[in-house]
Structures are given as C-alpha cells and as structure tokens.
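Okay, so here's the structure we're looking at.
Index from 1, following the sequence. Atoms within a ligand are numbered from 1 in the order they appear, just like the ligands themselves. Hydrogens, waters and symmetry mates are skipped; everything else that's a heavy atom, side chains included, is used.
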Amino acid sequence: MLKIGMLTSGGDCQGLNAAIRGVAKSLFEYDPKTKIYGFKSGYRGLIKGRYREMESKDFSGILTLGGTILGTSRMPFKEMHLPVDEKRENSPTRIEAMVNTYYRMELDCLVIMGGNGTHKSANLLREHGCNVVTLPKTIDNDLWGTDVTFGFQSAIDVATDVIDGIHTTAESHGRVFIVEIMGHKVGWLPLYAGMAGGADIILIPEIPYNIKTIKKVIEQRTANNKPFSIIAMAEGAKSIEEAEMSKKDFSKYMDEMTYPSISYKLADELDQMVDQEVRVTVPGHYQRGGQPCPYDRVLATKCGAFAAEMIINKEFGYMAGVSGSKMIKVPLEEVAGKLKMVDPEDELVLAGRQMGIYFGDEKL
Ligand code: F6P
C-alpha cells in the first residue's frame, strides 16, 4: 500500500486542483487502499507536520475549481536552512524538520506542485533522501525543462481579456494605456497576452526598452491616424539604463521608488513626452485567479496522471514535464535553480517585430 504526501507551494495558479485530482484519481484507481496525506499551506505544512488524510471524495468536483484545496504559501529556498524555532537552541532547520516529517509518516513519496523556488527546495528534499515527484505550475511559464506549465494559458486568457477591454476605451478616448502584466524576471505572459491582445508595444524583462523609441512609436501611430496605443508591460520590465545598473544599485533604486509599480513610473515619464493622456491598468493577482481554462485542465490532469505513473513505477526525483505533445521525466537536479527566459530572437518576438510591434530595443 502506497503512502503519499501532497503539497502545493509558491504562488497559486489555475489548474492546481485539476493536477491534485489527476494524481489522486490515478493512484486510487491503481490501489484503492492508497493513503494520501494533504499538507496544509505548502512546505509550512511539511515542516510543522500539519496534514490531513484525504479521502477519495475530496478529489471529486474540483477539476474546474481555481486556487488549491491544500492551501499554499511562499517559503524562499534560502530560508530552508534556518531553524524552525529561532528561540529554541536545538531547533531543527526547516529542511531537517521536513525530512523528519517524511520519515516519521513513513511516506513512499512526496508529490510537490510548484514553480522555480519550489523546485529548488524539492531538489533539496531529494538530496536528503526523500522520494519526490513534482508538477510544473506557474502562470509565468518560466520553469526550465518543460515547454509549458499549467496556469500559463489561463493567465494568458485573463490578461488578454483585460487588454481587449482596455483597447476599446483607449480608442474612444485617444489615450495611451499601459497594462501591467505579471512576470518579474521572465516575460512569457506579457509576450503572449500582448500578442493575443494586439498590443502595439510589448515590454518584457529580457529586452530592455528605450523610452525615446516608445515615444516615437506612439507619435508614428498618431501620424497614421491611430491616436491611441496599448503597451503590454511586464511588472519586471526595465529601461536600458535600469538594465545597466548593478544588482545592488537597482535594488536601492527600486526601494527608493515612490510609484506603486514600474508602469506608473513609465506612465508619468511618457505623460510628459507625448500629446495623449497616459493611463495604467494593473490586473495583478486577478491573473492567477478563477477557473482554469480547458487547456490547463487537460494539461494539469495529464501532469497529474503522469506523476502518478512515475510513483507507481518507483521512478523518483523527476518533474513531470512537457516536450511537444509528450510528457517527459525531467531530473530535478536539472530543473532546480534554472529559469526558462524568453529568447529575444524567439519566433513570436520575431513575428511581432515583423508586424511592427515594438519590443523595447533600439530597432523600430
Ligand atoms: O510566480 C508567480 C507570480 O504570480 C509572479 O508572476 C508574480 O510576480 C508573483 O507571483 C506575485 O507574488 P505574490 O503572490 O507573492 O504577490
């Protein structure tokens, strides 16, 4: 009889419940006596030993549900070696506490769903002797080793819907609108939503922008009888000057920034440079909320079923990844600590450039 622990960690996204269901239903189908323990709020639950034995009925009716029935939390990798209880002299570290929970419960495997940080910690658990399989979740689609992550497509749908809505009001008022889209380090989401929503300018962290060229693009559009513009801007986009700063200087510069976010700063600067009014829309966490789209339901289900298959076959230490239309086993040590960035020469970027969409760099 298998004893499995399951947790979701990091920012939530659409499709987590579909993935949980995919794992659980497959394992119950294999052996109805399987024990599944759901840890509460990500790694915190594993550290504190907070879990609940789940029943088959817990996994019914959750395919279309947003969020995660297990709850989640952020726990940075660098904090894994901190003591659980700072005040206690002999307190185990967080990683030690997690490993202790694993052995105390005599688990056969931990199923961990998460993004980048989560995978680094999952790999650490593997290095400490735990059997682990992981599933790739994040709206950012920035996990190394998989073509796609679940949550990404649903977030594209939401962000595109926002751009579509902004398009009509921007046109009516003849305004420049900046739509700030999630993506601190990596710009897949703003790239795809920007392309799907017909943005005129797409700014992503991987391609620093030149504000003077943005001004030129806006003016050129006005001269071509299009006196409105849509800028899809990643929350982590940087100007050429900002990108040249050292990490330390940039973090000081951000700490001292008085704007709520970088798109307000760009809006303020542009407002003084162009004739149109400039406005900002920030959909924020709404992009991660709500029901998963059908594509993500299918993808998350496939990832869940594939993870269950790995457990049944005793193949541990892998992420369930996607390559083309196939599921693949990706070794955790290869995934941990690596980001899948947008290549400035990515086909979609090139297609956009070919159509006159401005991506930030000097070229027009
Ligand atoms: O990692 C997913 C993500 O949604 C990022 O795109 C975003 O920058 C971040 O999480 C927001 O984090 P939090 O939920 O902690 O505010």
- Start with the C-alpha gap between E219 and K215, add the side-chain angles, then the distance that decides, and say whether salt bridge (Lys or Arg N to Asp or Glu O under 4.0 Å) holds. CA-CA 6 Å; E219 286 172 349; K215 174 184 184 281; 3.0 Å; yes

- Strictly by modelled atom types, are Q14 and S154 linked by a side-chain donor-acceptor pair under 3.5 Å? no

- Task: With heavy atoms only and a cut-off of under 4.0 Å, state how L189 meets ligand 1: side chain, backbone, both or neither.
- Result: neither

- Distance filter under 4.0 Å to I139 heavy atoms, resulting ligand 1 atoms: 4 (O)

- Assess G115 for proximity to ligand 1: is some non-hydrogen atom of it under 4.0 Å away? no

- Item | Minimum non-hydrogen distance to atom 16 (O) of ligand 1, winning option of R288, K137, H184, H285 | H285

- Once the angle between the rings of W188 and Y192 is folded into 0 to 90°, is it parallel (under 30°), tilted (30 to 60°) or perpendicular (over 60°)? tilted

- Message: For the residue pair T118 / S9, report whether a side-chain donor-acceptor contact shorter than 3.5 Å exists.
- Response: yes

- Task: Answer yes or no: is there a donor N or O on one side and an acceptor on the other, between the side chain of Y295 and the main chain of F152, under 3.5 Å?
- Result: no

- Item | Protein heavy-atom partner closest to atom 7 (C) of ligand 1 - residue, atom, separation in Å | E235 OE2, 3.2 Å

- Please round to the nearest 0.5 Å and tell me the distance separating atom CG of L27 and atom CD1 of I311. 5.0 Å

- When distances are taken from atom 15 (O) of ligand 1, the protein heavy atom at minimum range is R74 NE, 2.6 Å

- Task: Compute the minimum heavy-atom distance from Q287 to ligand 1 and say whether it is under 4.0 Å.
- Result: no

- Atoms of ligand 1 close to G183 [distance to a heavy atom under 4.0 angstrom, numbered from 1]: 6 (O)

- Which distance, rounded to the nearest 0.5 Å, do you find between the CZ of R221 and the OH of Y358? 15.0 Å

- Item | Residue and atom name of the nearest protein heavy atom (relative to atom 1 (O) of ligand 1), distance in Å to one decimal | D140 OD2, 2.9 Å

